[in-house]
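To start, the structure itself, in structure tokens.
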Amino acid sequence: MRQKVIAGNWKMNNDLNESVLLINEIKEKLVDRDNVKVIIAPPFTSLDRASQLISNSNISLSAQNMCYEDSGAFTGAVSASMLKSVGCEYVILGHSERRTLFGEDNSLINKKIKKAIVSNLIPIFCIGETLEERESGEMKNVIEKQVREGLEGISEHDLSNAILAYEPAWAIGTGKVATPEQAQEVHAFIRNLLKELYSEDLANKTVIQYGGSVKPENAAELIGQLDIDGALVGGACLKAESFAGIVNNA
Ligand code: 13P
């Protein structure tokens, strides 16, 4: 059975003091659940402190992005080993905001995923279509291309711990959540693609999260779907109560 994984993507929110407050509140409100893994992804500037604060808890740490190079003249970039050195176990890659606002394409994301894997960071690889792509009937082609190109040259062994996250861009930050049926349909499609590209075994064990306007009120029904193994949460993870509510409802 796949474990449920709930991750909070803080995006560009919370300075150091605010991060400390939020983490302490989350720790107070979370009920430990054996079958649910909890991950937080604060901004880079809070990672080191976050890692100290969660060291005595079951919460794991993720970064929101990473460079594909090891070191050198890449102003503003952060490497995998830097993330490891502040306690990150995970890194979110290919988020739709990185794709649309910062021009990241499938081949760049592929390089980052490869670097994360060789660095022993677990990638949370995000894919998803825009509203236009869904309405024009292109959704499955877009998702298939993102998966194929994002995972190109990555072996089944190397992919064995990776997490995928389906986040339809039209549901991110809009309050417009995909229906459980809409989300399940795409999750099943992605899982089938993993089976085609790799094996039934890998497809069956890969965690595929849903992201896009997840809240405590809709989490249980979404995560209750056969192929939905958790949530990548944006807005609702910025309040301890709603983040803990999602974890507790998962
Ligand atoms: P919202 O939960 O705010 O829609 O954001 C989802 C997301 O982008 C998580 O990565």
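Ligands are counted one by one from 1 in listed order, and the atoms in each one are counted from 1 as well.
Residue Ile172 places no N or O, backbone or side chain, under 3.5 Å from any N or O of ligand 1. The shortest N or O to N or O distance between Gly173 and ligand 1 is under 3.5 Å. At under 3.5 Å, a nitrogen or oxygen of His95, whether backbone or side chain, sits near a nitrogen or oxygen of ligand 1. Below 3.5 Å of separation, one finds an N or O of Gly235 facing an N or O of ligand 1. Close N/O approach between Lys11 and ligand 1 is found [any backbone or side-chain N/O within under 3.5 Å].
The shortest separation from a heavy atom of Lys215 to ligand 1 is not under 4.0 Å, leaving the residue out of contact.
Less than 4.0 angstrom separates some heavy atom of Asn9 from each of these atoms of ligand 1: 9 (C), 10 (O). In summary, the atoms of ligand 1 found under 4.0 Å from a heavy atom of Gly212, numbered by their order in the structure, are 4 (O), 6 (C). Taking every heavy atom of Ser213 and a limit of under 4.0 angstrom, the matching atoms of ligand 1 come to 1 (P), 2 (O), 4 (O).
Within the 4.5 Å cutoff, no side-chain heavy atoms of Leu151 are placed close to those of Asn110. Using a 4.5 Å heavy-atom threshold, the side chains of Leu108 and Arg98 count as separate. Side-chain atoms of Pro123 and Ile163, non-hydrogen and from C-beta on, never get closer than 4.5 Å to each other.
Counted within 6.0 Å of CG on Asn56, heavy atoms from surrounding residues, nucleotides or ligands total more than 12; the atom is thus considered enclosed. For CD of Glu69, the number of neighbouring non-hydrogen atoms (other residues, nucleotides, ligands) closer than 6.0 Å is greater than 12.
The nearest protein atom to atom 7 (C) of ligand 1, hydrogens excluded, is given as Glu167 OE2, 3.1 Å; this is a heavy-atom distance. Residue, atom and distance of the protein heavy atom nearest to atom 2 (O) of ligand 1 are Gly234 N, 2.9 Å.
Contacts between Ala171 and ligand 1 below 4.0 angstrom, taking non-hydrogen atoms only, involve the backbone exclusively.
Here Lys115 pairs with Asp70 in a salt bridge; the nearest charged N to carboxylate O distance falls below 4.0 Å. The existence of a salt bridge linking Glu152 and Lys114 is excluded, since no basic side-chain nitrogen approaches an acidic carboxylate oxygen closer than 4.0 Å.
In this pair, His187 and Tyr210 present their aromatic rings tilted. The plane angle is within the 30 to 60° band.
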